Asker: 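Got a structure for you, written out below as structure tokens; questions coming shortly.
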Amino acid sequence: MSSESSKKRKPKVIRSDGAPAEGKRNRSDTEQEGKYYSEEAEVDLRDPGRDYELYKYTCQELQRLMAEIQDLKSRGGKDVAVEIEDRRIQSCVHFMTLKKLNRLAHIRLKKGRDQTHEAKQKVDAYHLQLQNLLYEVMHLQKEITKCLEFKSKHEEIDLVSLEEFYKEAPPDISKAEVTMGDPHQQTLARLDWELEQRKRLAEKYRECLSNKEKILKEIEVKKEYLSSLQPRLNSIMQASLPVQEYLFMPFDQAHKQYETARHLPPPLYVLFVQATAYGQACDKTLSVAIEGSVDEAKALFKPPEDSQDDESDSDAEEEQTTKRRRPTLGVQLDDKRKEMLKRHPLSVMLDLKCKDDSVLHLTFYYLMNLNIMTVKAKVMTATELITPISAGDLLSPDSVLSCLYPGDHGKKTPNPANQYQFDKVGILTLRDYVLDLGHPYLWVQKLGGLHFPKEQPQHTVIADHSLSASHMETTMKLLKTRVQSRLALHKQFASLEHGIVPVTSDCQYLFPAKVVSRLVKWVMIAHEDYMELHFTKDIVEAGLAEDTNLYYMALVERGTAKLQAAVVLNPGYSSIPPVFQLCLNWKGEKTNSNDDNIRAMESEVNVCYKELCGPRPSHQLLTNQLQRLCVLLDVYLETDSHDDSVEGPKEFPQEKMCLRLFRGPSRMKPFKYNHPQGFFSHR
Amino acid sequence: MERAVPHAVPLGQMEVFQALQRLHMTIFSQSVSPCGKFLAAGNNYGQIAIFSLSAALSSEAKEESKKPVVTFQAHDGPVYSMVSTDRHLLSAGDGEVKSWLWAEILKKGCKELWRRQPPYRTSLEVPEINALLLVPKENSLILAGGDCQLHTMDLETGAFTRALRGHTDYIHCLALRERSPEVLSGGEDGAVRLWDLRTAKEVQTIEVYKHEECSRPHNGRWIGCLATDSDWMVCGGGPALTLWHLRSSTPTTIFPMRAPQKHVTFYQDLILSAGQGRCVNQWQLSGELKAQVPGSSPGLLSLSLNQQPAAPECKVLTAAGNSCRVDVFTNLGYRAFSLSF
């Protein structure tokens, strides 16, 4: 307000603006309803360019005036002061103009600023609005997408397919006419139906649960009932024992055996199982039993602390004793040996009954530390046998099962790992102990399912059922044949010792009716003696005279002729034939090395043995061979070519019918007997 | 005294039987192939084994070289006699003679080329053929044996042309006198008979047992072996081994050998004989025993000298008899090794 009141306008400047300019000098209330001086309004009316020009002019004037004043002041004088005053007034006026212009400029500036400000404010407001709208748009868009993406829970429910729905749902839910057209309604209907179904199923479930509870209760009741039954059944079983025995169905016995069998060591168990199975399935003459103390077997599985205590105790004892005396070292070793060779307390007994009521008792043991099985055999005949002297070894427990399979002599341990164990305790070979422990034949190991590969000793050999099963039948058959052939030999030996060759009637056809040579002696000789004989060298060199064989000497005589026959009987008789070697003492000593005919006789008995086997099981082989030997001696002696230089008749007249006496480059005698014509010919 | 027993293998039934067969085997005859590299041996089971001499004699010979290259069953009965022509091997034993091609014989499953049986008089028993003799000039084969006759067979046609009768007991051996084609035969009746092939008649008979110097009645009178060198003949058997001058029918040298000899042959300026007893005996013509070389068989039945020109490196003497082995002598002084069935 003060600025307005102090404003002065220069007339030359103001007048051009209009008339109302003069009236605005006094700012008072009275002029408010009419015209009032407003500089702002003036600003709008003036031209800034002109004002600028005015400013420049004014500044110039001022400069001029100042310069004149300067001049005047420098000149000095009296009138100078008036002119200076005049000029001073003029400059003041100019100053006033300048001030006005300044004010105007400020006002313009302010206006300009205000206008800019306004405009800016507007722009800002629009901008804000725009932004708000944009935000809103974005927000709405988000909402829209949200809405679009919205998955209602109902979509997660697997609804039944449309066809099914229309088929199954009752019409008041499906409302086909409405729902067909309207998918929304359709979905609703389907959901309704779903709900219905679920409710029904929940009902069913609850029903089933309650059913289950009922049934569980029933089961409990029945279980109680049954458990009360058990003791009653036991008592019935006890009562039925006498009936079982009466009917020969020893189920209980078998059951007990199975109970005991559980304590058997694995190889014996395999043997027991396989033998029982074989006995039941194929061979009624085989019976299996378990012997021994079950308690001891159980005791073997004592907890280790006990046995360790025992060991430490015994060690302490041993220490004490070694301090006292020396010889206990041997005792120690002996104990260790005994420990190594210890047998399992249980053993399996097999009884094989043969046709003639003789029984082979086999007892199988298991040596725990060596992991091998051994067997002891005994032959029991129905009637007491009088053993002929030569038959001593035939049925002896030591040798009756020797070489059941070729080479299986049972004197060595089949487990190669045992050798290392033996070395520790100073046992050279198991042979020294077989009498006591039984023989560790290879077939016994196989029956127990133990297989020891020859090349490398394995650490653990486990009992294998299939190995046992595959060998069971053959071994049993071999055992039976072995016993029967031995018994047959036993009988034959008894007869042979009396000088009679027992030829059965079905083998008579092999020999002529009249046989003059007689068997005078039949004895058993030792292996070493056989090897010492001078006419057995060939057999020994051919490897046919092993120490597992049995050796016999037979003597056949006729007149002055004596024929010695050394017989090798292989344990595998009668599938392996006995081998004869001959030595004839008549007009000198003749053996196969100096008389071709003796060689031919040996060949007739050794090589052509198959004719002499007789009916299966060919137990007649040995006796037929001996009889044939007698026939051959007859032929030999009777066909001897007469020596013209010697006087007297032939010692043995020819009684045999022969086509030709000699044949071939070696001048063979006719040794072959032809039945039924009864003549002798050459092979 | 312990004797070493070589076998450690447990013997089953088959092995025992085979061992027994080998123990009782007798090799009766041998024959060398035309190329000189192979030797055929026939045994009492009717088998013929072909050995490769060149392989067994070579410096890389192993144990298997001493085994037969092939063995086959040739006859049902023993193979008593074998000869070789320049292409065929002829074997005879139990009454018939069979022919085999040497070129085919080494292949498995060889079959005989032909087999012929001479016309026998007797029908009760088929007589054996103990000796075969080739007459190269006539291209014929002479067979003699159990029926006491000599039969000639033409090798081209296979027809039996002649039957020479005269022996009273079966014939053991034959020998050929080349210059005048005459055949000598020795038999169980103790006589050596000479036959002229052109006239088919017996021209000379020497009854050896009737001469006191050489007869040995305790052995019998049979003539087991014959060999001739045109003017000379050596024969042995029951009587002592004697050298005869044929024209005069006189025994000139008697060889002091007690055991009956089963095979004799002239070799260079020596006489080789073998028979009962292990040794091959070498005699000078004067009657002195030059050497006695032991073989591996307890008795010998046949000697064979491989003089085939095609294989001079296989020039050996082989001897076989009462065992399954054929001894090979590379140098007459010692036994080099034995082939075995």
Side-chain angles (χ1 to χ4, degrees), chain A residues 403 405-409 528 531-532 537-548 568 570 572 574-577 579 581 587-588 591-596 599-600 602-610 641-646 659-668 670 679 681-683, chain B residues 1-13 15-17 19-26 28-29 44-45 77-78 80-81 93 122 124-125 127-128 130-131 145-146 169-170 172-173 188 209 217-222 224-225 238 259 262-263 276-278 298-299 301-302 321-323:
Chain A
C403 292
Y405 288 92
D408 190 4
H409 48 70
E528 297 79 25
M531 307 266 274
E532 294 289 317
K537 286 190 200 139
D538 291 337
I539 297 288
V540 172
E541 271 171 23
L544 293 171
E546 306 264 339
D547 57 355
T548 48
V568 181
N570 193 296
S574 56
S575 57
I576 300 181
V579 180
Q581 287 286 86
K587 293 191 190 172
T591 63
N592 59 19
S593 49
N594 58 12
D595 189 338
D596 288 344
R599 201 153 175 264
E602 284 176 355
S603 175
E604 279 287 315
V605 179
N606 292 337
V607 179
C608 307
Y609 74 93
K610 290 203 174 121
S641 56
H642 190 59
D643 190 354
D644 295 326
S645 65
V646 175
L659 288 178
R660 265 174 72 179
L661 284 183
F662 300 104
R663 191 179 196 257
S666 30
R667 302 177 72 239
M668 287 289 122
F679 66 91
S681 61
H682 294 84
R683 278 197 190 267
Chain B
M1 181 188 65
E2 285 285 328
R3 282 187 201 131
V5 179
H7 296 269
V9 179
L11 296 174
Q13 188 190 21
E15 289 95 356
V16 169
F17 183 62
L20 287 171
Q21 268 194 322
R22 282 164 61 90
L23 271 177
H24 292 96
M25 191 185 292
T26 309
F28 283 110
S29 52
N44 59 333
Y45 300 119
Y80 287 131
S81 169
T122 57
L124 258 178
E125 193 191 32
E128 78 281 16
N130 283 326
D169 207 339
Y170 77 94
H172 274 279
C173 46
E188 183 75 12
Y209 65 96
H218 57 274
N219 277 345
R221 50 167 86 161
W222 51 280
C225 54
K262 300 267 174 72
H263 197 282
Q276 205 175 62
R278 292 187 170 264
L301 287 169
S302 112
N322 285 342
S323 73

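Letters A, B, ... are given to chains in the order of the sequence lines, protein chains preceding strands, and every chain is numbered from 1. Note that the coordinates shown come from a computational prediction; the quantities given were computed from them, not determined experimentally.
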Asker: Contact part of B/Thr26 toward chain A, heavy-atom cut-off under 4.5 Å: side chain, backbone, both or neither?
Answerer: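 Both the backbone and the side chain of B/Thr26 come within 4.5 Å of chain A.
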Asker: Just so I understand: if I count every heavy-atom pair under 4.5 Å between each of A/Ser603, A/Ser575, A/Pro665 and chain B, which residue has the most?
Answerer: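 Maximum pair count with chain B is reached by A/Pro665.
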Asker: How far does CG of A/Asn606 sit from CD of B/Gln21, to the nearest 0.5 angstrom?
Answerer: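 So the CG of A/Asn606 and the CD of B/Gln21 are separated by 11.5 Å.
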Asker: Would you mind checking which part of A/Tyr609 comes under 4.5 Å of any heavy atom in chain B, side chain (CB onward), backbone (N, CA, C, O), both or neither?
Answerer: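 It is the side chain, since no backbone atom gets that close.
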Asker: With rounding to the nearest 0.5 angstrom, report the CD to NE2 distance, B/Glu128 to A/His682.
Answerer: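 Reported value, rounded in 0.5 Å steps: 8.0 Å.
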Asker: So which atom in B/Met25 and which in A/Arg599 form the shortest heavy-atom distance, rounded to 0.1 Å?
Answerer: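 In this case the closest contact between B/Met25 and A/Arg599 is O-NH2, 2.7 Å.
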Asker: Can you tell me how far CG of B/Asn44 sits from OG of A/Ser666, rounded to the nearest 0.5 angstrom?
Answerer: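 It is 8.5 Å, given to the nearest 0.5 Å.
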Asker: Could you report the tightest heavy-atom contact between A/Ile539 and B/Leu23, atom names first, then the distance?
Answerer: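 Smallest heavy-atom distance, with atoms named: CD1-CD1, 3.5 Å.
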Asker: Give the C-alpha distance, both sets of side-chain angles, the deciding distance and a yes or no for side chain to side chain contact (heavy atoms under 4.5 Å, CB included) between B/Glu188 and A/Arg660.
Answerer: CA-CA 12 Å; B/Glu188 183 75 12; A/Arg660 265 174 72 179; over 6 Å; no
Asker: List the steps, then state whether side chain to side chain contact (heavy atoms under 4.5 Å, CB included) holds for B/Tyr80 with A/Arg663.
Answerer: CA-CA 11 Å; B/Tyr80 287 131; A/Arg663 191 179 196 257; 3.9 Å; yes
Asker: B/Gly224, B/Pro78, B/Gly145, B/Gly146: which one forms the most heavy-atom pairs within less than 4.5 Å of chain A?
Answerer: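 Of the options given, most contacts go to B/Gly146.
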Asker: State the CG-CG distance between A/Leu544 and B/Leu20, to the nearest 0.5 angstrom.
Answerer: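 Reported to 0.5 Å precision, the distance equals 5.5 Å.
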Asker: Contact part of B/Tyr45 toward chain A, heavy-atom cut-off under 4.5 Å: side chain, backbone, both or neither?
Answerer: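 Just the side chain, heavy atoms under 4.5 Å.
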Asker: Under 4.5 Å heavy-atom distance to chain B, tell me which part of A/Val607 shows up: side chain, backbone, both or neither.
Answerer: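 Contact with chain B is through both the backbone and side chain of A/Val607.
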Asker: Where do B/Gln276 and A/Asn594 come nearest, in terms of heavy atoms and distance?
Answerer: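 B/Gln276 and A/Asn594 have their closest heavy atoms at NE2-O, 2.9 Å.
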